[in-house]
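Here the structure comes first, spelled out in structure tokens, and everything after it is commentary.
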Amino acid sequence: MPVRTRFAPSPTGFMHLGGLRTALYNYLYARRCGGQFILRIEDTDQERFVPGATEVIYDTLKGCGLTWDEGPDVGGPCGPYIQSERKDLYLPYAQQLVESGHAYYCFCSKEEIDERRAAVEAAGGTWKYDKHCLHLSKEEVQEKLAAGIPWTIRMNAPTEGETSYHDTVFGDMTFPNAEAMDDMVLIKQDGMPTYNFANVIDDHLMGITHVMRGMEYLSSTPRYNFLYEAFGWEVPTYVHLTTVMRDAQHKLSKRDGDAYYSDFVDKGYLPEALLNYLALVGWNPGDEREFFTLPELVEAFDIHRLNKSPGIFDVQKLTWFNAEYIRRMDPEKYLEAAAPWFDRVLAGKGIDYARLAELTQSRTEVFNQLPDMVAFLAELPDYDLELYTHKKMKTNPEVALSSLKLVRPVLEGLTDWSEASLHDAVMAAIQEAGLKNGAVLWPLRIAIAGVANTPGGAFEIAALLGREETLRRLDIGLRRLENA
Ligand code: GLU
């Protein structure tokens with residue numbers, strides 16, 4: 001039987017990193033086994049409907065290169081792949097369970113249930129649906145249905161005994177039925193199935209062999225197994241994944257801006273780097289390798305190497321991965337990715353982006369660092385004259401003043417404003433004056449950049465700024481040093 005996995009997100013409008021990792025592992029396993037990876041949209045909770053949310057799912061998966069074999073947009077033999085479009089298919093299955101005694105119609109109104117719940121809770125108990133409607137006779141049920149009283153269908157859960165199953169990651173699991181089970185709703189009043197029901201029906205109808213999902217479903221799995229058994233269907237292999245955490249105590253959270261794929265991509269993390277790192281948060285290849293392309297991940301992936309302890313998503317580690325990926329980028333690709341970030345501060349300034357990109361590529365860890373890194377080119381910062389002091393370069397404001405006085409006429413006299421020409425002319429002047437390189441180059445770079453850290457040195461910056469702006473900045477430096 002070919003392996004069939006599925007990613008079954010609810011369209012919330014955002015792709016949580018934990019969800020993306022679940023998608024990734026499902027994808028990797030299907031590809032590793034030469035099976036199929038299915039995308040199913042679980043949108044039966046219409047109250048939570050968010051417009052445009054399915055597009056976020058498509059765009060994220062596509063942006064990461066996770067292609068699916070069957071799904072809403074590409075179709076497939078088990079369609080439709082959007083649960084709300086499958087709406088009418090679930091009721092007959094629920095009715096089949098009513099027939100066999102595994103489920104029953106419930107006519108309790110929300111108010112009635114609320115009242116009984118309040119009474120149980122007031123007495124210190126925990127509420128579970130009390131099987132009130134289980135005891136209605138067939139005739140009573142027919143009467144109420146004919147009278148048009150709103151109904152739901154509930155599972156007739158066992159109250160005693162226990163349920164055991166095997167999970168690939170967590171091993172043998174056993175839950176007392178009294179705790180793990182309740183008479184959960186299968187079909188809601190609006191006719192929609194609940195997630196709890198639909199996932200079982202769909203996983204069966206879609207031939208899913210491996211259910212890989214978040215560990216929050218470990219404890220509800222006994223209920224799903226009850227349903228599989230009630231239908232006489234084969235239970236899939238379970239692979240529950242640990243939660244992706246920020247640290248040992250905290251989950252990734254929306255509030256901290258570190259939970260969603262878009263949080264990171266918008267900051268300028270590369271999807272490839274994010275995916276590579278995410279793969280390692282919860283799985284290990286069994287050796288020291290850290291860098292994987294997607295095909296390499298497929299090759300290396302083994303569900304028996306999924307970790308049982310929570311995966312810690314360390315942003316610093318991700319940033320390190322990202323910097324490595326950026327360093328290895330094709331320069332043209334880098335330029336393309338960097339240009340919009342340069343534009344934020346340099347648009348219309350006539351700066352040579354191609355050259356700037358060459359200078360920034362090795363220093364870029366995350367693209368959102370670029371505007372700050374290059375802003376000095378747009379406008380000379382209001383810098384402190386103490387920047388001219390540098391012990392190792394043997395310079396201070398006084399030395400700087402004489403150094404700038406030395407280079408000012410040299411630059412002014414240049415006809416060719418290329419990096420090479422700037423370099424040759426200034427170096428010749430330094431040599432002739434018998435000075436140390438640093439004692440001239442440091443002040444020159446401070447005068448024209450106004451910041452201590454710059455991509456490129458004095459000549460590269462002067463070339464980027466152009467003759468006029470370089471001389472203007474030099475004069476500002478001279479004037480300020482003279483008046484100091
Ligand atoms: N729709 C569920 C979710 O988004 C899927 C759970 C599952 O994979 O069964 O969490």
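Both ligands and their constituent atoms are indexed starting at 1 by order of listing. A quick note: this is a predicted structure, and the numbers were derived from the prediction, not measured.
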Give the residue, atom name and distance (to 0.1 Å) of the protein heavy atom nearest [atom].
atom: atom 5 (C) of ligand 1; answer: Ala8 O, 3.1 Å
atom: atom 1 (N) of ligand 1; answer: Glu42 OE1, 2.7 Å
atom: atom 8 (O) of ligand 1; answer: Arg6 NH1, 2.6 Å

Check whether [Y] forms a cation-pi arrangement with [X] (NZ or CZ under 6.0 Å from the six-membered ring centre, at most 45° off the ring normal).
X: Arg213; Y: Phe7; result: no
X: Arg31; Y: Phe37; result: no
X: Lys267; Y: Tyr269; result: no

(message) So Ile326 and Leu270, do their side chains get closer than 4.5 Å, heavy atoms only?
(response) yes
(message) On a heavy-atom basis, I'd like to know which of Tyr195, Tyr217, Tyr224 is closest to atom 9 (O) of ligand 1.
(response) Tyr195
(request) Within a distance under 4.0 Å of any heavy atom of Arg213, pick out the atoms of ligand 1 and give their elements. (result) 7 (C), 8 (O), 9 (O)
(request) Answer with yes or no whether Glu216 contacts ligand 1, where contact means a heavy atom under 4.0 Å from a ligand atom. (result) no
(message) For Trp283 and Phe292, take the angle between the two ring planes, folded into 0 to 90°, and tell me which bin it lands in: parallel under 30, tilted 30 to 60, perpendicular over 60.
(response) perpendicular
